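Heads up: the structure comes next, in structure tokens.
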Amino acid sequence: TGFASTNNPYSLCVKSVNSCATSSDLCIDIIVKTTPTPGTIIGTTNLCPGEKVILSTTPLADVDSFAWTIPAGSVIIGPSSGTSINFQAGYNSGQVCVQSINECGTSQAYCINLNVTDTIDPAGLINGPTEICEGVSSIFTIPLANGATDYTWIINNGQILSGQGTNSITASFTNSGSMYVLITNVCDTVLSAAHSLDVFPNPTVDFTTSNLFCVGEAIQFSDNSSGTSLSYLWDFDNGQTSTASSPSYTYSTSGNYQV
């Protein structure tokens, strides 16, 4: 005869019978046990590599011990046969499972998912121009880093026009300076190498000369412009031009000219 498992005892009785009489019952109580399956695991399940955590399950009646399993690379700290387990996370996500054990055997496993956020790969180099003109927008990028969730660009002497929080921005600058990127996730922070910029100021045009000349007389124009790496294009208002910094020019026809 088979008995279903129960916490209430069965009463098993026997008596003898022959042609003369029937004996009194002789009875004993029988408790049929099973191995109950754990129904919960409590604790933090989003971890960083190297983080220590304690997970626990609810105590169960008629259980002698528990068996825990954790993702590969994680390390158990201390005993692992009780209602709780203390371990240090490795780099692998996976399942944490617990089984109960008694004299009847080992239960089915109850499992939960453990998520381990990876550290960030080393930052690559910022790509973009190293020489730009004042106020001109330029694009700068940094290679995507494995494990990163946010990119914070920090720039000197400039303004981010778009792209903050991503691996690519558009920015403009007023003076020479540098930039770098802070790459983060919930577990890690990586700082990129600095990217230096030479910013050339916008030129200011100025020149001097007298404004009254004779036809056939050479006129000297003196450049007083300011700026870096300047080039020149003079227009003498008669179809003639010059690329010299301070040219000399002779008009062959009288008139008023706007240079």
Side-chain angles (χ1 to χ4, degrees), residues 37-59 65-100 107-130 138-173 177-197:
T37 300
T40 184
I41 295 177
I42 302 169
T44 301
T45 56
N46 293 310
L47 303 174
C48 299
E51 185 175 353
K52 296 178 182 179
V53 66
I54 296 176
L55 300 180
S56 62
T57 188
T58 304
S65 62
F66 293 88
W68 294 83
T69 57
I70 58 178
S74 296
V75 179
I76 295 174
I77 303 171
S80 60
S81 59
T83 57
S84 65
I85 184 172
N86 183 4
F87 66 93
Q88 185 175 35
Y91 288 87
N92 298 316
S93 298
Q95 287 192 321
V96 174
C97 299
V98 61
Q99 296 169 284
S100 61
S107 73
Q108 292 183 342
Y110 177 84
C111 301
I112 61 171
N113 291 321
L114 184 75
N115 179 53
V116 178
T117 299
D118 201 357
T119 54
I120 301 172
D121 286 346
L125 297 177
I126 295 174
N127 299 309
T130 58
S138 301
I139 296 175
F140 302 87
T141 62
I142 192 167
L144 290 169
N146 183 48
T149 57
D150 188 68
Y151 299 80
T152 301
W153 293 77
I154 302 170
I155 66 176
N156 299 319
N157 301 325
Q159 178 184 9
I160 297 174
L161 304 176
S162 64
Q164 181 67 284
T166 72
N167 73 313
S168 179
I169 62 166
T170 300
S172 62
F173 292 81
S178 61
M179 64 169 63
Y180 56 93
V181 187
L182 203 62
I183 307 173
T184 59
N185 64 20
V186 296
C187 293
D188 199 10
T189 299
V190 173
L191 183 65
S192 75
H195 181 81
S196 297
L197 293 164

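Only heavy atoms go into these numbers, but all of them, side chains included; no hydrogens, no water, no symmetry mates. Source: prediction; values computed, not measured. Position 1 is the first residue of the sequence; numbering continues from there.
T130 is listed as a side-chain neighbour of H195, based on a closest heavy-atom distance under 4.5 Å. Between T117 and N46 the shortest side-chain heavy-atom distance does not fall below 4.5 Å. Between N185 and I120, some side-chain heavy-atom pair lies under the 4.5 Å cut-off. Side-chain contact check for I126 versus S192: some heavy-atom pair is nearer than 4.5 Å. Between D188 and V190 there is a side-chain heavy-atom pair separated by less than 4.5 Å. At a threshold of 4.5 Å between non-hydrogen side-chain atoms, the residues N92 and S74 do not count as touching. Taking the side chain as every heavy atom from C-beta outward, F140 and N127 never approach each other to under 4.5 Å. At a threshold of 4.5 Å between non-hydrogen side-chain atoms, the residues T57 and Y110 do not count as touching.
A donor-acceptor distance shorter than 3.5 angstrom exists from the side chain of N167 to the backbone of I142, with no hydrogens or angles considered. In terms of modelled atom types and a separation under 3.5 Å, the side chain of W68 and the main chain of G82 share a donor-acceptor contact.
No side-chain donor from either of S65 and S81 sits under 3.5 Å from a side-chain acceptor of the other.
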Atom pairs and distances, side-chain donor-acceptor, residues 153-160, under 3.5 Å, sequence neighbours left out:
residue, atom, partner, partner atom, Å
W153, NE1, T166, O, 2.8
N156, ND2, S178, OG, 3.1
N157, ND2, S176, O, 2.7

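In terms of heavy-atom proximity, A109 sits nearest to C97 at CB-CB, 4.2 Å.
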